[in-house]
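This report concerns only the one structure given below.
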Amino acid sequence: MIYYQKTLGAKEQEPRTAFERSWRYLDFREFITHLDNRKALIAWREQFPPGAADLAASVIAQLVYRKWISAEFIRAALGYCRSVLQDRGYLETSPLEVMEFHADVNHVMLVLGCQGHDVRDHRARAAYEALKQFPTTEFKVVFSGHHPAEPGKRDLVLVNDEARALEREFNKLLNRDPSFSARHNYARNLERQAKSTTDNIRNLLTDRFVRSGEKVRLFLVSSTFHLIRISADVEQLVEGSTEWHDRVESVVLVGAESNAVEDPIVLTAPYVKAMMYEIFADLFKRVPMRADRSDELGGRYQGAV
């Protein structure tokens with residue numbers, strides 16, 4: 001699995017990774033050669049900020065659904081996600097390095113729920129594989145998520161109880177390894193009240209899941225693309241709380257995908273849509289669109305059509 005660690009509050013120089021190569025590979029804006037179209041897109045974004053990211057992600061998801069996009073593109077998109085995390089100061093690391101210092105803390109692992117079955121299974125396996133790396137460490141594992149729909153709209157929901165679905169998939173893995181529970185020191189919990197990722201994290205940082213007054217190391221398990229937003233939410237919550245600012249020692253991000261090129265990559269349209277939405281949302285925040293960049297319009301594609 002992919003591990004990233006950051007010590008919160010430490011005065012460290014954030015690494016600057018090769019973003020330009022990653023985001024230029026994904027940036028469609030240089031193809032908008034007509035200035036009026038560019039202005040229209042900017043106006044739409046100002047009225048509905050998530051719109052451009054949603055539209056761009058939807059187009060790519062449709063291409064995946066039609067099998068017009070290969071796994072190589074998905075690997076490049078995951079590469080962008082990893083660059084984002086490293087650029088924010090989360091250093092790619094190994095399980096041995098994660099546990100080589102400050103072992104005397106409260107280890108809490110939050111496994112984020114989701115609606116997609118394939119994505120859910122990847123996250124459950126990532127939690128299982130992460131725990132296998134730390135057989136002597138006491139963990140509290142929290143499976144989270146309920147359903148995102150409002151009352152009366154549950155026909156739109158694929159999974160009514162995301163936390164329970166995660167736990168069921170985790171149990172399937174345990175059944176294949178009967179000695180796992182005997183070898184590892186962990187307790188399992190369900191968090192099914194929250195209706196958003198921010199609520200998941202806020203509910204996690206309570207006495208129900210974290211022993212009062214103790215230092216905490218948070219393990220956040222999700223799809224790699226989801227970790228972009230989760231890590232930002234965690235830091236915002238911790239920095240905004242006097243209590244948790246002093247107690248949360250570090251955050252370890254565990255991506256459900258693998259670094260190994262030969263490992264299978266999820267190629268379903270829902271997975272790609274969710275990933276590309278997070279990528280484009282981050283991209284548009286980093287490089288705001290402007291209507292006066294007429295000198296850049298077209299770029300190397302100018303005159304191609």
Side-chain angles (χ1 to χ4, degrees), residues 1-10 12-18 22 74-75 77-112 114 119-144 166 170 173 180 183-186 197 200-201 204 215-235 238 248-266 275 278-279 282:
M1 315 319 296
I2 307 168
Y3 294 83
Y4 294 95
Q5 180 169 254
K6 183 176 184 179
T7 301
L8 299 187
E12 56 185 352
Q13 182 66 38
E14 291 190 0
R16 305 302 300 177
T17 52
S22 296
I74 309 306
R75 292 191 179 96
L78 283 171
Y80 178 90
C81 298
R82 294 164 186 156
S83 294
V84 171
L85 295 174
Q86 292 180 75
D87 196 67
R88 291 182 179 174
Y90 285 88
L91 302 180
E92 192 166 332
T93 185
S94 68
L96 180 62
E97 293 172 317
V98 167
M99 288 303 184
E100 68 179 359
F101 65 93
H102 299 303
D104 211 12
V105 297
N106 191 16
H107 294 85
V108 180
M109 178 181 292
L110 175 65
V111 190
L112 278 299
C114 60
V119 178
R120 175 204 63 204
D121 295 352
H122 277 69
R123 295 181 186 183
R125 177 170 289 279
Y128 171 79
E129 294 293 341
L131 285 175
K132 284 176 63 175
Q133 303 299 319
F134 313 114
T136 62
T137 304
E138 181 181 355
F139 266 91
K140 182 164 286 188
V141 182
V142 180
F143 299 104
S144 71
L166 273 171
F170 185 83
L173 299 171
F180 182 92
R183 298 195 311 268
H184 294 78
N185 184 11
Y186 69 98
T197 300
N200 283 144
I201 299 166
L204 178 72
K215 290 285 185 179
V216 178
R217 177 174 292 171
L218 293 179
F219 280 68
L220 304 174
V221 181
S222 190
S223 303
T224 301
F225 64 83
H226 196 200
L227 294 175
I228 296 175
R229 181 157 46 89
I230 293 171
S231 59
D233 289 344
V234 166
E235 292 190 50
V238 171
V248 178
E249 177 200 75
S250 61
V251 174
V252 179
L253 308 176
V254 182
E257 299 83 6
S258 171
N259 277 326
V261 174
E262 65 273 12
D263 275 13
I265 291 179
V266 179
M275 176 170 65
E278 298 290 351
I279 287 175
D282 181 81

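Side-chain atoms are counted along with the backbone in the values below, which use heavy atoms only and exclude waters and symmetry mates.
Classification of the F219-F139 ring pair by plane angle, with boundaries at 30° and 60°, yields perpendicular.
A salt bridge is defined here as a Lys NZ or Arg NE, NH1 or NH2 lying under 4.0 Å from an Asp or Glu carboxylate O, and E249 with R217 meets this definition. Under a 4.0 Å N-O distance rule, the pair E235/R88 does not qualify as a salt bridge. The pair R229-E278 meets the salt-bridge criterion, since a charged nitrogen lies less than 4.0 angstrom from a carboxylate oxygen.
To the nearest 0.5 Å, the span separating CG on D282 from SG on C81 amounts to 8.5 Å. L173 CG to L131 CG: the interatomic distance, rounded to the nearest 0.5 Å, is 11.0 Å.
With hydrogens and angles ignored, the 3.5 Å screen pairs a side-chain donor or acceptor of S144 with a backbone N or O of V111.
With sequence neighbours excluded, the residues forming a salt bridge (charged side-chain N to carboxylate O under 4.0 Å, His left out) with K132 are E129, listed by chain and number. In this structure I230 satisfies the side chain to side chain contact (heavy atoms under 4.5 Å, CB included) test together with L112, T197, I201, L220, S222, H226, L227, V234, sequence neighbours excluded. In this structure, the side-chain hydrogen bond (donor to acceptor under 3.5 Å, both in side chains) partners of T224, at least two apart in sequence or on a different chain, are E257.
Taking the six-membered ring where the residue is Trp, the centroids of Y3 and Y90 are separated by 6.0 Å or more. The aromatic ring centroids of Y128 and F180 lie less than 6.0 Å from each other.
Within the 4.5 Å cutoff, side-chain heavy atoms of L78 are placed close to those of M275. A 4.5 Å side-chain heavy-atom check between R123 and S223 finds at least one atom pair inside the cut-off. Residues E92 and Q86 form a side-chain contact, since some pair of their non-hydrogen atoms from C-beta on lies under 4.5 Å apart.
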* Between L110 and V221, is a side-chain contact (heavy atoms from CB on, under 4.5 Å) present by the stated rule, with each step listed? -> CA-CA 6 Å; L110 175 65; V221 181; over 6 Å; no

